[in-house]
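Since the structure comes first, as structure tokens, the remarks are kept for the end.
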Amino acid sequence: MNENVEKISSLLQKKIVPSSSSGYNESAMLCGIEKNELQSTLDSLVTEKESLIEEIENANCIDLFQKIGVRTEFIGNSLHSYNSQLQESPYLAETLVAKIINKDITGSELAFLELFDTLRCKHMDAEAFKFIVYAYIKLEEQAEISEVFYLRAISFGIISKEVEATKFASYLIKKITCDESAKRYMSVKMYSTICEHYFKQLENAPWRDKEGVLYSEGTFWAKKLIEFQKTNENGYFWLAKFFLGVNRRDKAKEFLRKSIYDPPEPKRDTLARLRCPKCCKLYLEEFRGSISFIQLEEIIVKGLNDCIVFKEEESSEYNDYETFFQEQLLKFGECFGKIITLHD
């Protein structure tokens with residue numbers, strides 16, 4: 001790994017401390033970064049960035065451009081011009097990112113994210129990590145960070161092979177948590193992304209660590225999502241996934257059954273049920289062999305009906321789920337010689 005990346009990433013390595021058994025413990029949350037450390041950590045990032053710039057200046061990037069025949073006068077001094085150059089010559093990613101940091105180039109959040117997305121599309125994860133940390137520092141100085149930036153950076157930590165990207169995502173979640181005005185960032189998408197961040201780490205953790213801080217914090221955020229919007233299935237889905245992640249199968253089965261059959265807000269509507277194709281699919285995948293013929297039919301039909309409603313009201317996110325339930329419906333009919341009709 002690039003030496004400069006290691007310098008940045010070392011600042012993100014914090015000790016893990018256990019959560020309290022009674023629930024969420026803010027001082028233990030997110031790899032043990034204390035609230036009063038937040039500003040000092042940012043100051044350290046800025047200091048390291050200045051040191052990094054000094055080293056990059058000594059690399060003489062201009063000579064490299066000239067040696068490989070790139071006309072430096074076309075590079076310009078804006079993020080947009082560097083993004084255009086990167087799209088044309090992705091093999092220059094490391095040099096271009098270093099030059100942006102060297103020249104202390106800044107811009108709007110949109111311009112930073114467009115260049116970051118180009119690096120991601122070109123599968124330049126190491127350079128994308130360096131650049132997103134630099135972008136965070138510059139945008140933090142300008143107080144221009146929005147929910148979009150946080151979502152993009154945390155999602156990068158989920159899918160990237162760069163370990164430092166995951167640590168940086170944890171740092172950003174802590175930043176959101178400690179921000180007094182954090183509510184402006186919170187949405188179903190943000191809560192779901194944070195849950196996915198923790199579940200990925202839980203999956204990859206050694207068994208002895210699964211029921212520790214990762215499980216505690218993951219279930220905390222899933223429950224927060226349920227509180228945030230009781231009629232949205234994502235909180236129920238992620239909470240069940242965390243139960244399964246630590247092998248609490250009986251608890252997961254009962255929780256999923258209640259999520260599918262019981263009204264999410266009984267005081268408001270005793271008849272309305274949660275629309276939850278994700279929960280229905282997870283229930284079938286995990287517990288199909290232990291449910292009755294009638295329940296199997298009910299869950300397949302409910303899952304398919306819910307997918308159809310979501311497709312009409314929202315987006316194509318549920319296309320794969322609809323295909324899954326259609327296949328299950330066909331198999332069910334073939335096995336039991338029964339034609340099933342959809343109903344509300």
Side-chain angles (χ1 to χ4, degrees), residues 22-24 186-196 198-199 202 211 215-315 317-318 320-329 331-332 336 338 340-344:
S22 60
Y24 173 61
M186 301 320 295
S187 63
V188 170
K189 180 66 175 175
M190 180 65 80
Y191 278 115
S192 297
T193 302
I194 292 173
C195 287
E196 187 176 0
Y198 280 111
F199 187 75
L202 184 73
E211 292 205 47
Y215 172 77
S216 176
E217 291 172 4
T219 54
F220 167 81
W221 284 105
K223 290 174 182 177
K224 279 293 184 183
L225 175 49
I226 294 173
E227 292 175 10
F228 181 77
Q229 194 170 116
K230 290 184 178 180
T231 57
N232 187 288
E233 75 159 324
N234 284 286
Y236 303 87
F237 170 78
W238 282 114
L239 189 52
K241 290 278 284 184
F242 281 111
F243 291 152
L244 291 168
V246 295
N247 204 30
R248 298 185 180 183
R249 294 185 60 80
D250 290 342
K251 190 171 184 177
K253 182 178 180 181
E254 180 62 16
F255 178 75
L256 282 171
R257 188 198 66 76
K258 288 182 177 180
S259 301
I260 294 168
Y261 285 100
D262 295 349
E265 296 182 291
K267 292 182 180 180
R268 185 176 179 181
D269 191 337
T270 58
L271 297 177
R273 289 196 292 173
L274 183 70
R275 295 195 181 279
C276 53
K278 292 180 181 179
C279 292
C280 290
K281 182 174 184 287
L282 184 61
Y283 193 90
L284 291 176
E285 289 174 335
E286 296 291 337
F287 306 110
R288 183 189 186 101
S290 61
I291 59 179
S292 67
F293 170 87
I294 295 174
Q295 191 178 16
L296 178 62
E297 178 184 352
E298 288 175 346
I299 293 175
I300 292 173
V301 172
K302 175 173 170 50
L304 185 53
N305 274 323
D306 288 352
C307 283
I308 293 171
V309 172
F310 275 124
K311 284 188 64 181
E312 292 174 352
E313 295 179 353
E314 297 181 7
S315 64
E317 177 188 358
Y318 288 93
D320 291 341
Y321 287 91
E322 183 179 15
T323 301
F324 170 82
F325 289 114
Q326 287 174 339
E327 292 174 351
Q328 295 299 308
L329 198 64
K331 291 178 181 178
F332 185 88
F336 299 101
K338 183 177 180 180
I340 305 173
T341 57
L342 299 183
H343 50 81
D344 294 330

### Summary
When Glu297, Arg288, Lys281 are each screened for side-chain contact (heavy atoms from CB on, under 4.5 Å) with Gln328, the one that passes is Arg288

#### Entry: Shortest non-hydrogen separation from Ile299 to Tyr261 and the atoms involved
CG1-OH, 3.8 Å

### Task
Indicate yes or no: at least one non-hydrogen side-chain atom of Lys253 is less than 4.5 angstrom from one of Ser290.
yes

### Query
Salt bridge check: are Lys302 and Glu298 linked by an N-O gap of less than 4.0 Å?
no

### Query
How far apart are the closest heavy atoms of Cys195 and Gly218, and which atoms are they?
SG-O, 4.4 Å

### Message
So which atom in Phe237 and which in Lys278 form the shortest heavy-atom distance, rounded to 0.1 Å?
### Response
CD1-CB, 3.6 Å

### Query
Going by heavy atoms in the side chains, are Lys251 and Phe255 under 4.5 Å from each other?
no

### Query
Do Leu284 and Leu296 touch side chain to side chain, with heavy atoms closer than 4.5 Å?
yes

### Query
When you look at Arg248 and Glu211, which way does the side-chain contact (heavy atoms from CB on, under 4.5 Å) test go after all the steps?
CA-CA 10 Å; Arg248 298 185 180 183; Glu211 292 205 47; 2.5 Å; yes

## Note on the structure
Heavy-atom nearest pair, Ala252 first then Ala240, reads CB-O, 4.0 Å

### Task
Could you check Met190 against Ser187 for side-chain contact (heavy atoms from CB on, under 4.5 Å), going step by step and ending with a plain yes or no?
CA-CA 5 Å; Met190 180 65 80; Ser187 63; 3.7 Å; yes

### Query
Quick check: are there more than 12 heavy atoms from other residues, nucleotides or ligands sitting under 6.0 Å from NZ of Lys224?
no

### Message
To the closest 0.5 Å, what do you measure between CG (Leu202) and CD (Glu217)?
### Response
11.5 Å

### Query
Hey, does the side chain of Tyr191 reach the backbone of Lys223 with a donor-acceptor pair shorter than 3.5 angstrom?
no

### Task
Give the ring-plane orientation class for Tyr215 versus Phe243, where under 30° counts as parallel, over 60° as perpendicular and anything between as tilted.
tilted

### Query
Can you find a pair of side-chain heavy atoms, one from Gln295 and one from Phe287, that are under 4.5 Å apart?
no

### Query
Yes or no on side-chain contact (heavy atoms from CB on, under 4.5 Å) for Tyr236 and Leu239, after CA distance, side-chain angles and deciding distance?
CA-CA 5 Å; Tyr236 303 87; Leu239 189 52; 5.9 Å; no

### Task
Indicate yes or no: at least one non-hydrogen side-chain atom of Trp221 is less than 4.5 angstrom from one of Thr193.
no

### Message
Has Glu233 got a side-chain atom pairing as donor or acceptor with Cys279's backbone, closer than 3.5 angstrom?
### Response
yes

### Message
Assess the residue pair Trp238 and Ile226 against the criterion (side-chain contact (heavy atoms from CB on, under 4.5 Å)); give the C-alpha distance rounded to whole Å, side-chain angles, the decisive distance to 0.1 Å, and a yes or no.
### Response
CA-CA 10 Å; Trp238 282 114; Ile226 294 173; over 6 Å; no

### Message
If you compare all heavy atoms of Gly303 against all heavy atoms of Pro277, which two are closest, and at what distance to 0.1 Å?
### Response
O-CB, 3.8 Å

### Query
Do Leu304 and Glu322 come close enough that some side-chain heavy atom pair is under 4.5 Å?
yes

### Message
Are Ile194 and Leu225 packed together at the side-chain level, in the sense that at least one heavy-atom pair is separated by less than 4.5 angstrom?
### Response
no

